[in-house]
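First up is the structure itself, then whatever we jot down about it.
Computed over heavy atoms, backbone and side chain alike; hydrogens, waters and symmetry mates excluded.
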Amino acid sequence: MSEQELATEIEELEAEALPGAEQVELDEDIFELNEEESAEETEAEEAVEEAVEELDPLEEFKSKLRRQIGDWYVVHTYSGYENKVKTGIETRMVNLEADDEIYEVQVPTETVTEYKDQKEKTFRRVRVPGYVLVRMEMTDRSWGVVRHTPGVTGFVGQDAYNPVPLRMEEVYDMLLPVYEEERQKQGLPVAQPVVESDYQVGENVRVKSGPFEGMDATISEIKSESRQVVTLISVFERDTPVTLEFSQIEKI
């Protein structure tokens, strides 16, 4: 075989191999493109997950309320019968097959720390005595199921037969204790409890500990949230404001 024939044969072989090489390069380009798209999708998913994690729990709670079906109405009850009415409505809505129009009944409660007779006691109580919240579709049937529940005196509003639902901001405020209670059950931090005491402005008390122990004082201000009182104590025949803890004073 001459050199010219050999060169021609080599050129023919290279020409036959070229399409295969181009296909390999094309496959590599597609693979790289798929990798880039997959990476972008992963980054987008991670961004969404981070956004969900960073969402304020309270805002998430509000968003959940906005997505729920039905409207919230306030029902007036006999004082002290709130939980009995809640149970009664829940029982009647099932027995009368109205649970497709009545969805939820709530009696918001709150945690209270009470200082009374020099003793501290923490307990839960109904936040708004005499009222129950119902999430429902208002129809003649659902109205009757709720209204005729023992202990219910009527729907709150100017027209008790055609009540107006709560605005969403009112719902947030009324159900905030429910949100706090859910977080407390999960072991998450919650707002400080409501603090109450039986002390009154103008009341005379005696200091039982600290630098002014044994001296009489007059309460001029009560700071319940910080569990403190501002008192006036006579020092060198002049009334001097002194801030004391609840635990530092006692009734005379």
Problem set entry | Separation of T149 OG1 from K84 NZ (nearest 0.5 Å) | 14.5 Å
Problem set entry | Heavy atoms from other residues, nucleotides or ligands near OH of Y78 exceed 12 (cutoff 6.0 Å) | no
Problem set entry | Heavy-atom closest contact (V207 atom, L244 atom, distance) | CG2-CD1, 3.7 Å
Problem set entry | side chain to side chain contact (heavy atoms under 4.5 Å, CB included) between I69 and R135, intermediate numbers included | CA-CA 8 Å; I69 58 175; R135 180 166 61 88; 4.0 Å; yes
Problem set entry | Contact check, side chains of R92 and H148, non-hydrogen atoms, under 4.5 Å | yes
Exercise. So do the side chains of W143 and Y161 get within less than 4.5 Å of each other, counting heavy atoms only?
Worked result: yes
Exercise. Less than 4.5 Å apart, any side-chain heavy atom of E203 and any of K251?
Worked result: yes
Exercise. Is it true that F155 and H76 have ring centroids separated by less than 6.0 Å?
Worked result: no
Exercise. Side chain of S142, backbone of E137: donor and acceptor closer than 3.5 Å?
Worked result: yes
Seminar exercise, completed: Separation between CD (E196) and CD1 (I222), nearest 0.5 Å, reads 11.0 Å
Exercise. Using 4.0 Å as the upper bound for N to carboxylate O, is an ion pair formed by E60 and K64?
Worked result: no
Exercise. Within a strict 4.5 Å, meaning less than it, do heavy atoms of the W72 and E104 side chains meet?
Worked result: yes
Problem set entry | Test log, rule side chain to side chain contact (heavy atoms under 4.5 Å, CB included), inputs V74 and E170 | CA-CA 11 Å; V74 181; E170 294 173 322; over 6 Å; no
For this session: Using the rule that two of Ile, Leu, Val, Met, Phe, Trp, Tyr join whenever any of their side-chain heavy atoms come within less than 4.5 Å, decide whether M215 and F236 are in one cluster.
Result: yes
Problem set entry | Minimal non-hydrogen separation, Y73 against V164, with atom names | CE2-C, 3.9 Å
Exercise. Are L133 and V126 connected in a single hydrophobic cluster, I mean Ile/Leu/Val/Met/Phe/Trp/Tyr linked by side-chain heavy atoms less than 4.5 Å apart?
Worked result: no
For this session: Might you point out which heavy atoms bring R141 and L96 nearest each other, and give the distance in Å?
Result: NH1-O, 4.0 Å
Exercise. Just wondering, are more than 12 heavy atoms of other shown residues or ligands nearer than 6.0 Å to CZ in R66?
Worked result: yes
Exercise. Quick one: NZ on K208 to CD on E213, what's the gap to the nearest 0.5 Å?
Worked result: 10.5 Å
For this session: For the pair M136 and E101, evaluate side chain to side chain contact (heavy atoms under 4.5 Å, CB included) and give the outcome as yes or no after the intermediate values.
Result: CA-CA 6 Å; M136 58 190 287; E101 295 178 347; 5.9 Å; no
Exercise. Where do I249 and Y199 come nearest, in terms of heavy atoms and distance?
Worked result: O-OH, 3.4 Å
Exercise. Hey, any chance V145 and V132 share a hydrophobic cluster, counting ILVMFWY side chains that come within less than 4.5 Å of each other, even indirectly?
Worked result: yes
For this session: Report the C-alpha separation of N204 and D216 in whole Å, then their side-chain angles, then the decisive distance to 0.1 Å, and conclude whether the side chain to side chain contact (heavy atoms under 4.5 Å, CB included) test is met.
Result: CA-CA 7 Å; N204 292 323; D216 292 344; over 6 Å; no
For this session: For the pair K223 (side chain) and T243 (backbone), establish whether a donor and an acceptor sit closer than 3.5 Å, ignoring hydrogens and angles.
Result: no
Exercise. If only atom types and distance count, is the side chain of E82 paired as donor or acceptor with the main-chain N or O of G130 below 3.5 Å?
Worked result: yes
Exercise. Does a side-chain heavy-atom distance below 4.5 Å link I219 with Q200?
Worked result: no
Problem set entry | Among V242, V230, T231, the one residue meeting side-chain contact (heavy atoms from CB on, under 4.5 Å) with S220 | V230
For this session: Look at the side-chain heavy atoms of Ile, Leu, Val, Met, Phe, Trp and Tyr, link any pair under 4.5 Å apart, and say whether V171 and Y131 land in one connected group.
Result: yes
Exercise. Side chains of P163 and V156: closer than 4.5 Å at any heavy-atom pair?
Worked result: no
Problem set entry | Closest approach of D198 to K116 (non-hydrogen atoms, all atoms of both residues) | OD2-CG, 3.5 Å
Problem set entry | side chain to side chain donor-acceptor pair (under 3.5 Å) between T109 and R127, worked out | CA-CA 5 Å; T109 60; R127 188 184 187 194; over 6 Å; no
For this session: Step through the shown structure and confirm whether more than 12 heavy atoms of other residues, nucleotides or ligands are within 6.0 Å of OH on Y81.
Result: no
Exercise. What's the spacing between D100 CG and M93 CE if we round to 0.5 Å?
Worked result: 9.5 Å
Exercise. Between R125 and E110, is there a donor-acceptor pair closer than 3.5 Å when you use the side chain of the first and the backbone of the second?
Worked result: no
For this session: Decide whether I233 and V201 are clustered together by the hydrophobic rule: side chain heavy atoms of Ile, Leu, Val, Met, Phe, Trp, Tyr closer than 4.5 Å, transitively.
Result: yes
For this session: Supply the atom-to-atom distance M138 CE to D71 CG, rounded to the nearest 0.5 angstrom.
Result: 8.5 Å
Problem set entry | Minimal non-hydrogen separation, P108 against L175, with atom names | CG-CD2, 4.2 Å
Problem set entry | Nearest-0.5 Å distance that lies between atom CD in E225 and atom OG1 in T113 | 9.5 Å
Exercise. Is there a donor-acceptor pair under 3.5 Å between the side chain of S197 and the backbone N or O of Y115?
Worked result: no
